[in-house]
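In what follows, a single structure is set out as structure tokens and then discussed.
In this chain, residues are counted from 1 in sequence order.
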Amino acid sequence: MGRLQGKIALVTGAAQGIGAEIARLMVQEGATVWVTDVQDKLGQELAKSLGPSARYVHLAVEDEVQWQAIAQKIQQNHHRLDILVNNAGVIGLSDNEKHDPEYASLSGWRHVHTINLDGVFLGCKTAIGLMKKQGGSIVNISSRSGMVGVPGACAYASSKAAVRNHTKSVALYCAQNGYNIRCNAVMPGAILTPLWAPMLGETPEQQEAVLNHIAADIPLKRMGQPIDVAYAVVYLASEESGYVTGAELNIDGGILAGSTAAPQKSE
């Protein structure tokens, strides 16, 4: 028996990176997973590789009509949803625009918030409707960037901070209404996924130098892998975390623990 045996799950932004690893681990743990994304080819290939327990559906998370359509399909097929992972998100740095507080465009700011924040709002709203009769677990992927400032990606940081707060509102609302729906946030730090591609440089030498520079400032001295986040999500999705709601789980190699500086041993 897997940790999610018989559960019905939906993962957004699941075609690659963290989302794909979450979907893969959930299938391994016994769940039936709806893989959703806007990258149809990648999503279809992933679902096919996961076998009969996975199904791909196109979902632009900022589109309420698409959420309503997928909710109807899940209701028709399963009559319930047990797990939602709001993972879809963008940093915004791949569009060649500036994303600092001085030069960021209003359209760029709104684009990032539309996907990262509106998508989570719509996901939570949809999941509550599908879960409130039998209960369930919502896991929102926020970020370390939602807890600290990020000068060069201010919209991303703002959106992830809002996701962090909305998680608590959803958790309290569901508890107050007796829905038995838990809602928690995962805060990944430096996790090596395709989202990092615009920041790593073009040549293998540049990429290695950037990765080494990033790792040097992480207490565990390495970037995380998508599986590190997937394990945390499976815990929050499972019955093992039945008394956990409105919480945040940092997956960052110790970055948010504080300074790694230590007194030097005297000679």
Side-chain angles (χ1 to χ4, degrees), residues 1-37 43 46-57 59 70-71 74-75 77-89 120 123-124 126-128 130-143 163 167-168 170-171 174-175 179-189 191-193 220 224-253:
M1 294 290 288
R3 297 161 71 193
L4 304 178
Q5 193 69 38
K7 301 289 188 181
I8 308 301
L10 186 153
V11 184
T12 69
Q16 62 180 357
I18 290 173
E21 200 63 36
I22 291 170
R24 188 175 293 112
L25 185 59
M26 284 189 164
V27 168
Q28 291 175 9
E29 292 292 344
T32 295
V33 180
W34 288 61
V35 175
T36 72
D37 209 300
L46 175 65
K48 183 178 180 180
S49 73
L50 296 179
S53 293
R55 173 179 179 178
Y56 177 76
V57 177
L59 175 63
I70 199 169
I74 291 173
Q75 184 64 34
N77 282 269
H78 309 291
H79 307 293
R80 74 183 201 278
L81 179 69
D82 301 305
I83 300 162
L84 169 67
V85 183
N86 282 312
N87 169 73
V120 169
C124 291
T126 302
I128 291 171
L130 290 168
M131 292 179 177
K132 63 183 180 181
K133 288 184 179 180
Q134 80 285 338
S137 174
I138 300 171
V139 183
N140 295 328
I141 306 299
S142 180
S143 172
V163 168
T167 297
K168 299 176 189 299
V170 172
C174 291
Y179 288 161
N180 194 30
I181 300 171
R182 299 180 296 105
C183 186
N184 295 287
V186 173
M187 321 292 285
I191 308 296
L192 189 56
T193 71
L220 291 185
Q225 297 296 323
I227 189 63
D228 296 316
V229 182
Y231 279 129
V233 171
V234 165
Y235 163 70
L236 291 172
S238 74
E239 301 303 323
E240 298 164 9
S241 58
Y243 198 56
V244 180
T245 194
E248 301 167 354
L249 183 52
N250 298 332
I251 313 294
D252 67 355

Under the side chain to side chain donor-acceptor pair (under 3.5 Å) test, which residues partner [X], sequence neighbours left out?
X: Q5; result: none
X: H79; result: none
X: N87; result: none

Side-chain donor/acceptor of [X] to backbone N/O of [Y], under 3.5 Å:
X: S143; Y: M187; value: no
X: Y56; Y: A15; value: no
X: T167; Y: G246; value: no
X: S53; Y: G30; value: no

What is the distance from atom [atom1] of [X] to atom [atom2] of [Y], rounded to the nearest 0.5 Å?
X: R3; Y: L25; atom1: CZ; atom2: CG; value: 7.5 Å
X: M26; Y: W34; atom1: CE; atom2: CH2; value: 15.5 Å
X: Q134; Y: M131; atom1: CD; atom2: CE; value: 7.5 Å
X: I8; Y: L130; atom1: CD1; atom2: CG; value: 11.5 Å
X: I18; Y: D228; atom1: CD1; atom2: CG; value: 9.5 Å
X: I138; Y: I128; atom1: CD1; atom2: CD1; value: 5.5 Å

Are the side chains of [X] and [Y] in touch, meaning some heavy atoms are under 4.5 Å apart?
X: R55; Y: T32; answer: no
X: V33; Y: I22; answer: no
X: V186; Y: V139; answer: yes
X: S241; Y: R182; answer: yes

Between [X] and [Y], which heavy-atom pair has the shortest distance, and what is it?
X: C124; Y: N86; answer: SG-ND2, 3.7 Å
X: G17; Y: P226; answer: O-CB, 3.9 Å
X: A14; Y: V35; answer: CB-CG1, 3.7 Å

Between I141 and V233, is the side-chain contact (heavy atoms from CB on, under 4.5 Å) condition met? List the steps.
CA-CA 9 Å; I141 306 299; V233 171; 3.9 Å; yes
